[in-house]
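Model, not experiment: these values are computed from the prediction. Residue numbering restarts at 1 for every chain, and letters A, B, ... go by the order of the sequence lines.
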Number of protein chains: 2
Amino acid sequence: MIETLQALAEPNRFHIVELLREGPRPVGDMVHRLGLRQPQVSKHLRVLSDAGLVDVRVDAQRRIYALRPAPLKELEVWIATYRRIWEGNFQRLDSVLEGLKAKEKKRGRTSR
Amino acid sequence: MIETLQALAEPNRFHIVELLREGPRPVGDMVHRLGLRQPQVSKHLRVLSDAGLVDVRVDAQRRIYALRPAPLKELEVWIATYRRIWEGNFQRLDSVLEGLKAKEKKRGRTSR
DNA sequence: AAGACATATTCTTTAAGGAGGATATAAAAG
DNA sequence: CTTTTATATCCTCCTTAAAGAATATGTCTT
C-alpha cells in the first residue's frame, strides 16, 4: 500500500501509469512521449515493476509494459473504507475530546 | 493529485491519516499514539495540511486536526477511471503495437 | 559475423525531505 | 505576573532518491 503510493507519487511515474492506461507499450514509445531519456524511463519502470504496478512482456528486443490492476484495486478498496467519513457525519468530536483529558474538570466553554 | 499521493506516501503521515479516520484529534494525542516527537508530528501535519488532507480547529492552546474528504475523494475518482482496465479486457495490444512501428514490414510471429 | 537497435544496469552527482534538538509563541492556571 | 502546557518553527545533519552519462546485454538485420 505504502509502496504503491510511493511509486505513484513521483510525477514521471504517475505520467507513465497514465500512459499505460491506454494500453501496453514498449519502453521506446514512452521515451518519446515523456521527453525523458531511456535510462530514466527504464529506472522508473523498475520501481513501478517492484511495486507490482506494471508487468513486462518480452517481444524480441523490446519489452512491452502493461498495467497491473491489483495494486490500484487495493488502493481503491482502502479509500473506500474512508467513505463513511464523508457520508456518515461521524463528528462525535466532543465525546472524543472529553475522553482525552480526564484531568480537566469543568470549564464549560469549548472555544476560549 | 500528485501532492495528495506524496503526502500519503510517507509512512508516518499515512499513519496519521489512519488515526484521524477515527475522528478529529489534537496533536498531543497523536504524539503519544505514534511514538514520534511533537515537532515531527507538527511537521507532518503541516505537509498534510498543505495538501489539503487535514483541517485545523483551534481549541485554546491545542489544535484539533481532522480529515478533509476532498482529496481522498478526488483520488478515488481518479482510480475509478482505471476500473475499465480491469473490467473490460482492453487488451487490443496487437493493434497498438502494429501501429507503433509503421516501418516494420511483415514478420508474422509475435513472440520471437 | 558485423552493425544497428532496444533496453537494462552501474556509477557519480545532486537535490529533496525526514529526523533531532533547541527555541519561539500563545494560551491557561496559579 | 510567573509558570506550565500545547504547538509551531528554525537550523543542522543525514539518508533517500532522482538525474546524467557511460556502458553492458541481447536480439534483429543483412
Side-chain angles (χ1 to χ4, degrees), chain A residues 2-3 5-16 20 24-51 54-66 97 100-112, chain B residues 2-3 5-16 20 24-51 54-66 97 100-112:
Chain A
I2 289 282
E3 197 179 3
L5 291 169
Q6 286 176 341
L8 292 173
E10 208 283 324
N12 292 316
R13 286 196 291 267
F14 186 85
H15 201 165
I16 288 177
L20 289 178
R25 271 176 170 61
V27 178
D29 182 50
M30 305 192 222
V31 169
H32 296 139
R33 303 211 188 204
L34 296 170
L36 296 179
R37 307 185 187 182
Q38 179 266 317
Q40 313 297 347
V41 175
S42 284
K43 247 175 73 179
H44 284 307
L45 284 169
R46 182 73 141 93
V47 176
L48 289 171
S49 178
D50 287 349
V54 299
D55 222 359
V56 204
R57 198 195 77 188
V58 177
D59 173 51
Q61 325 101 323
R62 42 184 155 166
R63 315 293 161 94
I64 313 296
Y65 283 86
L97 290 182
L100 281 175
K101 289 285 194 176
K103 72 175 179 187
E104 294 187 315
K105 306 97 197 177
K106 39 205 152 296
R107 168 176 153 286
R109 60 271 183 268
T110 306
S111 48
R112 84 182 39 187
Chain B
I2 289 281
E3 197 178 4
L5 290 169
Q6 286 175 341
L8 290 174
E10 208 282 323
N12 292 316
R13 287 195 292 264
F14 186 86
H15 201 167
I16 288 177
L20 289 178
R25 272 176 169 61
V27 178
D29 183 50
M30 305 191 221
V31 169
H32 296 138
R33 303 212 187 201
L34 296 169
L36 296 179
R37 308 187 185 180
Q38 180 266 317
Q40 312 297 346
V41 175
S42 282
K43 248 175 71 179
H44 285 307
L45 284 169
R46 181 73 141 92
V47 176
L48 290 171
S49 177
D50 287 349
V54 299
D55 222 359
V56 206
R57 198 195 77 189
V58 177
D59 172 50
Q61 326 99 323
R62 42 184 156 167
R63 315 294 161 94
I64 313 296
Y65 282 87
L97 290 182
L100 282 174
K101 290 286 196 174
K103 71 177 181 188
E104 294 187 316
K105 305 95 195 176
K106 37 206 152 296
R107 170 176 152 287
R109 60 269 184 271
T110 306
S111 49
R112 87 180 38 186

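Checking dA22(C), dA19(C), dT7(C) against the side-chain heavy atoms of Val27(A) singles out dT7(C) as nearest. For Arg37(B), taking side-chain heavy atoms from C-beta onward, the closest of the listed nucleotides dG20(C), dT7(D), dA6(C) is dG20(C). Distances from the side chain of Arg63(A) to the nucleotides dA21(D), dT9(D), dT7(C) place dT7(C) closest. Of the candidate nucleotides dA8(C), dA6(D), dG26(D), dA8(C) has the atom lying nearest to any side-chain atom of Gln38(A). Distances from the side chain of His44(A) to the nucleotides dT9(D), dA6(D), dA18(D) place dA18(D) closest. In this structure, of dA6(D), dG18(C), dT7(C), it is dG18(C) that holds the atom nearest to the side chain of Arg13(B). You'll find that the side chain of Gln61(A) is closest to dC28(D), out of dA6(D), dC28(D), dA19(D). Each of dT27(D), dA8(C), dG20(D) was ranked by its minimum atom distance to the side chain of Gln40(A); first place goes to dG20(D).
At whole-Å resolution of the value, CG in Leu45(A) and C1' in dT9(C) are 14 Å apart. Rounded to whole angstrom, the span from the CG atom of Asp50(A) across to the P atom of dA17(D) amounts to 12 Å. Rounding to whole angstrom units, CD of residue Gln6(B) and P of dT16(D) are separated by 18 Å.
Not a single donor-acceptor pair under 3.5 Å links the side chain of Arg63(B) to the backbone N or O of Val56(B).
Side-chain atoms of Lys43(B) stay outside donor-acceptor range of the base of dA8(D), with no qualifying N/O pair under 3.5 Å.
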